[in-house]
Enquirer: 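After the structure tokens below, expect a handful of questions from me.
Basis for what follows: all heavy atoms, side chains included, without hydrogens, waters or symmetry-related copies.
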Amino acid sequence: MKSMLSIKDLRASIEDKEILKGITLEVNEGEVHAIMGPNGSGKSTLASLVAGKELADVTGGSITYLGKNLFDLNPEERSKAGIFLGFQYPIEIPGVTMVNFLKAALNEHRKHKGLEPLSAKDFLKLLREKKDLVEIDSKLTNRSVNAGFSGGEKKKNEIFQMAMLEPKLAILDETDSGLDIDALKIVANGVNKLKRKDNATIVITHYQRLLDYIIPDYVHVLFDGRIVKSGGKELALELEKKGYEWIKNQVNGN
Amino acid sequence: MQNKTVISDIEREFIDLYKENRSMFEAKASAPVNMVRKSGIRDFEKLGIPTPLQPLFRNGYRKYLEPRKVEFDLASVFQCDIPTLDAHLVLLVNGFFDKKNGNSLKELPSGIIIGSLASASHKFPGLFEKHYGKYASHKDGLVALNSAFAQDGIFLYVPEGSVYKKPIQIVNLVMAKEDIMVQHRNLIIVEKNAEAGVIICDHAMTPNKFLTNSVTEIYTAENASFDYVKVQNEHNNAVQFSHIFVNQEANSSMTSNIMTLHGGVVRNNVNVLLNGEGAENNSYGLYLVDREQHVDNYTYIDHAKPNCFSNQLYKGVLDDSATGAFNGRILVRKDSQKTHAYQANNNILLTDDAKIYTKPQLEIYADDVKCSHGATVGQLDEEALFYMRARGIPEKEARLIMMFAFAHEVIGNVKVEALLKRIDELVEKRLKGELSPCDNCAMKCY
């Protein structure tokens, strides 16, 4: 199986406080990984480092994506290379319509692949197709990016963008937070429909709930900047049952 | 009014020039214009030119007092190419109405009269007696100076009940082989239940230094509606003082939209008197400034009667070491209950050297009003930039998209669809640094 993302002994600090204390993670094509962990364990820092946000200073280790050193690429290059970050808190951009935003993004991706920009007609056709996939309100695409969207709409909008850009590696950062069960199902359904043999998904979540709908191949528990436990999907259930205290106690040797 | 005790050499020059040419001015103009002229020079002698602005006048500008032949064949040069914009085009060359395309006064459908201010002042003395110089107050010495020297400009009369959907495009062209100063004067009268709009394009055709000091008086009668769009696209050697005085009667509505794309030093003064109940005024401004440019927007909205509405939105993007100022004042008089008055000034500074001075002022003497004002100064939202980059949009493009969105909030208020599109394009080009202030007129009429 082809390696997609290879994180080796990654260490990162924010203002001298070490947030990631040596993360090692291998993600291959076709796999779904779940990263679980309590608040403050470093999940979002890890996601943002892969996407290229300089939230933390990398102090050691490496991230290799499809054989390339990821640190050589800026955020837009990473996106065009097929990395997608579903934001925990999607950003509102007043005045920039979803349509223009997506058109600009999509055409950059196409340019990168040596393709012509999509015609207005083809673009709208694609937009319609993908909108159906994530069941988002048609009117949302005419509004400013995330501006005035409800929490659920914002998260659906992330999956919609993912559908438009068809990434190789999607990292969904707490996509389930703030979603009711119906929205959760729609989001999960969207992710499942976009799953292919040659792409991979990393689902970052606090709760096991989402993993009822997006079935992971591997579950990793991140605690205090380290992956302290890895296993199959049953690990998520065990974690749900026993709580993070169980992990804390194991780590602390109690 | 504070009287001057010392008259500077620059001011003396104007006073002497006035004396030399007084008989010529008076011979050409009608009585109501000359009446205002007299008070103009009197007030100018008292007020002078504001001291900080005096250096701007020290360039030895040739004072442009008579229309002269221009070498261009303007009729063929001016082909407006906003493909879908259907506008009636009139032209001022160095402050004088250009008659090349016909008479100095023209009657449009539904009785609208457009043409030369000088000609109109002779033909319609009654209208001039009633309106000319009645709204432009001489509290600013530059307005008094314009009154003293005013010879020509645009006259627009929209008779009662007349609705003219086609915009009237006024191109202010400065072109000369030497550095010149021009002072035109416009008078716009929109009678009861009438409706019209103008698009004003300021443009410098030759690279010389220019100084423009213009005054526009606008009167909207009861229930009238008037739309004013101005696009300033002069070059870095241009200095422009533009004073607009609006008098609105009951239930009239007026929108002004002033967009400064280029210009060395620009000062826009917008003065609005809401002089009848139910009057509504929307005043928008956009300034995109870079290099050493300087743009000021001064507004003064006087809520003299109850139940009026005013809204101001001025936005600016300042780059390099450009500077700008917004000075907005809203006055709500004692008896002006149920006033709604809003004002916002938002700025983006792209560099550490760019500066904006913003001073929103609310003066309220009534007790049952809704008013708000606010000013912001900031940079582009870094979180939003990252969000766009994370979707593959390069940083430069992302910045552009955000600046454009910021500017569009002002541009979006332009009502003529074709013009709105055109201005969008111009602003996008301008933000990309592709719009040249000299190659062609902002409206691409060349």
Side-chain angles (χ1 to χ4, degrees), chain A residues 47-55 73-113 143-147 154 157-158 160-167 169-171 173, chain B residues 257 259 284-288 313-317 344-348 350 374 376-414 417 420-421 423-425 427-432:
Chain A
S48 64
L49 281 177
V50 177
K53 190 171 187 186
E54 285 145 12
L55 195 74
L73 305 178
N74 64 32
E76 51 267 39
E77 288 165 339
R78 294 184 199 194
S79 168
K80 285 182 281 191
I83 293 178
F84 178 90
L85 173 66
F87 282 61
Q88 183 178 4
Y89 304 108
I91 310 296
E92 299 192 5
I93 316 177
V96 179
T97 63
M98 276 303 299
V99 170
N100 286 342
F101 170 67
L102 284 169
K103 203 185 281 171
L106 193 73
N107 284 335
E108 289 295 338
H109 279 246
R110 289 180 66 85
K111 195 159 87 187
H112 180 74
K113 289 175 193 149
R143 298 200 353 221
S144 292
V145 178
N146 291 320
K154 281 182 182 170
N157 191 24
E158 293 295 291
F160 172 52
Q161 292 172 43
M162 177 180 156
M164 288 293 288
L165 300 175
E166 298 184 323
L169 174 67
I171 303 155
D173 189 6
Chain B
N257 208 325
M259 281 162 282
Y284 304 104
L286 173 69
Y287 39 101
L288 308 174
L313 176 65
Y314 281 76
K315 299 184 93 172
V317 180
N345 172 232
N346 306 319
N347 300 283
I348 291 178
L350 297 176
T376 61
V377 180
Q379 284 84 38
L380 292 175
D381 180 357
E382 290 295 328
E383 295 287 326
L385 283 174
F386 177 73
Y387 191 70
M388 285 194 266
R389 295 177 71 192
R391 298 298 177 251
I393 301 170
E395 186 177 2
K396 205 178 153 198
E397 184 70 20
R399 283 182 180 277
L400 203 66
I401 289 173
M402 286 189 66
M403 283 193 279
F404 186 72
F406 178 82
H408 190 79
E409 206 194 333
V410 169
I411 308 164
N413 294 298
V414 171
E417 188 72 16
L420 177 111
K421 268 188 145 169
I423 295 175
D424 264 349
E425 275 170 36
V427 168
E428 196 180 340
K429 267 191 171 176
R430 172 67 181 81
L431 291 170
K432 281 183 181 163

Enquirer: So which residue, B:E409, B:M388, B:M402, B:E397, ends up with the most heavy-atom pairs under 4.5 Å with chain A?
Expert: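 Ranked by contacts with chain A, first place is B:M388.
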Enquirer: When rounded to the nearest 0.5 angstrom, what is the spacing between CZ in B:F386 and CG in A:L55?
Expert: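 Here the rounded value is 9.0 Å.
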Enquirer: Between chain B and each of A:E158, A:H112, A:R78, count heavy-atom pairs under 4.5 Å; write down the option with the most.
Expert: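 Of the options given, most contacts go to A:E158.
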Enquirer: Among A:K111, A:M164, A:E76, who wins on heavy-atom pairs under 4.5 Å with chain B?
Expert: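 Among the listed options, the one with the most contacts to chain B is A:E76.
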Enquirer: Looking at every non-hydrogen atom in both residues, tell me the closest pair between A:P94 and B:A405 and how far apart they are.
Expert: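 That would be O-CB, 3.8 Å.
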Enquirer: Please answer whether the main-chain N or O of B:R391 pairs with a side-chain N or O of A:H109 as donor and acceptor at a distance below 3.5 Å.
Expert: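 Judged by distance alone, yes, a pair lies under 3.5 Å.
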Enquirer: Charged N to carboxylate O below 4.0 Å: is that the case for A:K53 and B:E383?
Expert: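 Here A:K53 pairs with B:E383 in a salt bridge, since their nearest N and O are under 4.0 Å apart.
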Enquirer: If you count heavy-atom pairs within less than 4.5 Å of chain B, which of A:P75, A:A104, A:G95 leads?
Expert: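 That would be A:P75.
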Enquirer: Parallel, tilted or perpendicular: which one describes the rings of B:Y387 and A:F101, with boundaries at 30° and 60°?
Expert: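 Aromatic pair B:Y387/A:F101 classed parallel.
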Enquirer: So which of B:A384, B:P394, B:A407, B:A390 has the biggest tally of heavy-atom pairs under 4.5 Å with chain A?
Expert: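 Max contact count across the listed options: B:P394.
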Enquirer: Quick check: closest heavy atoms across A:S79 and B:G392, and the distance to 0.1 Å?
Expert: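 Smallest interatomic distance, heavy atoms only, reads OG-N, 3.0 Å.
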Enquirer: Taking atom CD1 of A:I93 and atom CD1 of B:I401, what is their separation to the nearest 0.5 Å?
Expert: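 Result: 8.5 Å between the selected atoms.
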Enquirer: What heavy-atom pair brings B:I393 and A:E108 nearest, and what distance separates the two atoms?
Expert: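 So the two residues come closest at CA-CG, 4.1 Å.
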Enquirer: Need one label for A:N146: side chain, backbone, both or neither, based on atoms under 4.5 Å from any heavy atom in chain B.
Expert: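 For A:N146, side-chain heavy atoms alone lie under 4.5 Å from chain B.
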